[in-house]
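Heads up: the structure comes next, in structure tokens.
A note on names: the letters A, B, ... follow the listed sequences, proteins ahead of strands, and every chain is numbered from 1.
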Protein chains: 2
Amino acid sequence: MARKTSRLQEELKQTKPFSSIYQEASLSILKTADVFRRDTARFLEPYEITPQQYNVLRILRGAGAEGIPTLAIGERLLEETPGMTRLLDRMEFKSLVRRVRCEKDRRQVLCYLTEEGARLLASLDPLVEAVDQKMAAGLTPDEAETLVELLEKIRETRQ
Amino acid sequence: MARKTSRLQEELKQTKPFSSIYQEASLSILKTADVFRRDTARFLEPYEITPQQYNVLRILRGAGAEGIPTLAIGERLLEETPGMTRLLDRMEFKSLVRRVRCEKDRRQVLCYLTEEGARLLASLDPLVEAVDQKMAAGLTPDEAETLVELLEKIRETRQ
DNA sequence: CGACATTAGTTGACGCGTCAAGCATTTTGT
DNA sequence: ACAAAATGCTTGACGCGTCAACTAATGTCG
């Protein structure tokens with residue numbers, strides 16, 4: 001079951017070979033995601049905004065004028081999280097977001113993009129597009145399609 | 001360039017289609033990595049150890065009796081980090097790790113696995129194997145191989 | 001040898017994930 | 001209508017990543 005020495009192994013300075021192709025695949029996924037995450041963070045840094053905050057901005061734009069309740073934002077992120085409140089606190093402090101207690105259901109707090117938030121987001125759009133497009137240098141569209149399908153298969157069988 | 005509605009889109013409750021296959025691929029990678037990360041964390045939880053700590057245990061086992069300097073551990077993780085010190089603080093507190101200032105080069109601090117750390121790690125090995133193997137339910141070995149190759153191509157073109 | 005840079009590690013501050021506990025505000029069941 | 005459960009959100013505590021500033025030890029070079 002031992003596999004030949006791979007590039008990922010060198011990247012991690014590992015001495016022992018992977019015990020299975022599945023182990024290598026899972027590490028490869030984690031490593032690649034990490035590269036992406038950090039790449040995005042680095043490029044957003046000058047704008048003093050984190051990847052999570054950027055994602056929230058996009059979701060709020062999608063919600064439009066009706067707004068969206070706090071926790072519903074979490075469901076649309078990669079990860080649903082009770083940390084939403086504090087994340088929004090910071091964004092409200094920076095005037096990127098506005099929050100109002102909902103009158104229909106007073107448990108909810110509706111969130112909206114501010115003018116400033118919308119402006120920032122608009123200026124970021126083309127830059128983010130460019131980051132994703134960097135992938136095109138290494139992968140043909142067909143290969144990207146295959147990748148998406150394989151990853152989908154993995155997620156389907158989990159949970 | 002707009003793409004057909006995909007499963008990932010539903011998962012994220014997105015209204016707009018992905019603007020490119022590359023955008024979908026990058027989100028898919030992040031999402032899948034997140035599923036893995038959380039899956040592993042959940043299964044390690046009963047042992048009161050985090051995925052990062054588990055990785056450090058494995059690296060220390062690899063280093064063996066000679067030990068390994070603090071920051072060298074970081075280089076072998078997915079992510080090199082100045083947070084190593086504090087991570088090791090917590091592990092030392094739990095008696096999983098032992099640290100000694102190196103006499104050859106007094107700047108370095110060599111880290112070792114304790115007996116207890118080694119025992120914990122040994123008992124975890126088969127369980128981790130099982131987690132990776134869950135992937136086999138959704139992917140043939142050939143598909144996993146393809147996946148690894150595609151991800152490698154992406155990482156190659158990034159920096 | 002002495003100024004200077006480099007290297008290894010530590011520490012502080014802050015963002016974010018995650019769990020658990022707690023508080024209002026509905027909703028549900030009888 | 002009233003108690004109990006569910007829902008939406010907030011807060012506290014802690015783990016970890018990340019940047020920047022700092023100390024101590026080692027190297028380098030005139």
Side-chain angles (χ1 to χ4, degrees), chain A residues 30-31 33-57 67-94 96-97 99-111, chain B residues 30-31 33-57 67-94 96-97 99-111:
Chain A
L30 291 170
K31 175 76 180 172
D34 203 65
V35 169
F36 265 100
R37 217 175 25 70
R38 213 129 23 74
D39 212 23
T40 312
R42 196 172 336 121
F43 121 83
L44 284 175
E45 211 208 321
Y47 302 91
E48 309 211 301
I49 184 183
T50 65
Q52 274 304 335
Q53 292 182 8
Y54 171 72
N55 288 331
V56 169
L57 286 183
I68 177 173
T70 303
L71 296 190
I73 299 175
E75 289 167 19
R76 303 201 187 186
L77 285 176
L78 289 182
E79 201 35 42
E80 137 180 28
T81 159
M84 247 356 278
T85 300
R86 280 172 283 223
L87 204 167
L88 288 170
D89 286 345
R90 288 184 285 268
M91 294 180 74
E92 192 172 40
F93 182 73
K94 289 193 277 186
L96 298 174
V97 160
R99 286 187 287 187
V100 248
R101 181 147 306 262
C102 175
E103 286 310 321
K104 309 281 178 187
D105 181 341
R106 298 189 39 72
R107 289 172 301 182
Q108 297 191 141
V109 175
L110 293 177
C111 306
Chain B
L30 290 170
K31 176 75 180 172
D34 204 65
V35 170
F36 266 101
R37 216 174 26 70
R38 215 128 24 73
D39 211 24
T40 312
R42 195 173 337 120
F43 121 83
L44 284 175
E45 210 208 321
Y47 303 91
E48 309 210 302
I49 185 182
T50 66
Q52 274 304 333
Q53 293 182 7
Y54 170 73
N55 288 332
V56 170
L57 286 183
I68 177 173
T70 303
L71 297 190
I73 300 175
E75 289 167 17
R76 303 201 186 184
L77 286 175
L78 289 182
E79 202 36 42
E80 137 182 26
T81 160
M84 251 351 280
T85 300
R86 280 173 284 224
L87 204 167
L88 288 170
D89 286 346
R90 288 185 286 269
M91 294 180 74
E92 192 172 41
F93 182 75
K94 289 192 277 188
L96 299 175
V97 159
R99 286 187 286 186
V100 226
R101 181 147 306 263
C102 175
E103 286 308 321
K104 309 280 179 187
D105 181 343
R106 297 189 41 72
R107 289 171 303 181
Q108 297 192 140
V109 176
L110 293 177
C111 307

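- Remark: A/Q52 is in phosphate contact with C/dG17, judged by side-chain N or O atoms under 4.0 Å from OP1 or OP2.
- Atom CG of A/L88 is separated from atom C1' of C/dC16 by 13 Å (rounded to the nearest Å).
- When the P atom of D/dA20 is taken as reference, atom CD of A/E48 falls 12 Å away, rounded to whole Å.
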Which pairs, protein N/O on one side and nucleotides 21-26 of chain C N/O on the other, fall under 3.5 Å?
| unit_1 | atom_1 | unit_2 | atom_2 | d |
| --- | --- | --- | --- | --- |
| C/dT26 | OP1 | A/D105 | OD1 | 3.3 |
| C/dT26 | OP1 | A/R106 | N | 3.1 |

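- Remark: B/Q108 is not in phosphate contact with D/dT26, judged by side-chain N or O atoms under 4.0 Å from OP1 or OP2.
- The side chain of A/L87 lies closest to C/dC16 when the candidates are D/dT10, C/dC16, C/dT10.
- Side-chain N/O atoms of A/R37 and base N/O atoms of D/dG17 include no donor-acceptor pair closer than 3.5 Å.
- A donor-acceptor pair under 3.5 Å is absent between the side-chain atoms of A/K94 and the main chain of A/I49, judged by distance alone.
- A sub-4.0 Å separation between OP1 or OP2 of C/dG9 and a side-chain N or O of B/T70 is present.
- Exactly one residue among B/R101, B/R107, B/R106 makes a salt bridge (charged side-chain N to carboxylate O under 4.0 Å, His left out) with B/E103. That residue is B/R106.
- Comment: A/R42 engages A/D39 in a salt bridge, judged by a side-chain N to carboxylate O separation of less than 4.0 angstrom.
- Using a 4.5 Å cut-off on side-chain heavy atoms (C-beta onward), B/D89 and B/R99 make contact.
- Straight-line distance from the OH atom of A/Y54 to the C1' atom of C/dG15: 19 Å, rounded to whole Å.
- Counting non-hydrogen atoms under 4.0 angstrom, A/R38 reaches the backbone sugars and phosphates but no base.
- Checking C/dG12, C/dT10, C/dC19 against every side-chain atom of A/R86, the shortest atom distance belongs to C/dC19.
- As rounded to whole Å, 10 Å separates atom P of C/dG9 from atom CE of B/M84.
- Take A/R37 and apply the side-chain hydrogen bond (donor to acceptor under 3.5 Å, both in side chains) test, not counting sequence neighbours, and it matches A/D34.
- Side-chain contact between A/L44 and A/Q53: absent, with no pair of heavy atoms (C-beta onward) separated by less than 4.5 Å.
- Taking the side chain as every heavy atom from C-beta outward, A/E45 and A/E48 never approach each other to under 4.5 Å.
- Here D/dA6 presents its C1' atom at 14 Å from CG of A/L71, a figure rounded to the nearest Å.
- Remark on DNA chain D: of its neighbouring residues A/E45 and B/I49, the 5'-side contact belongs to B/I49, judged by nearest-heavy-atom nucleotide.
- For B/F36 and C/dG17, the CZ to P distance is 20 Å, given to the nearest whole Å.
- In this structure, A/L110 and B/R90 both approach DNA chain D, and ranking their closest nucleotides by distance from the 5' end singles out A/L110.
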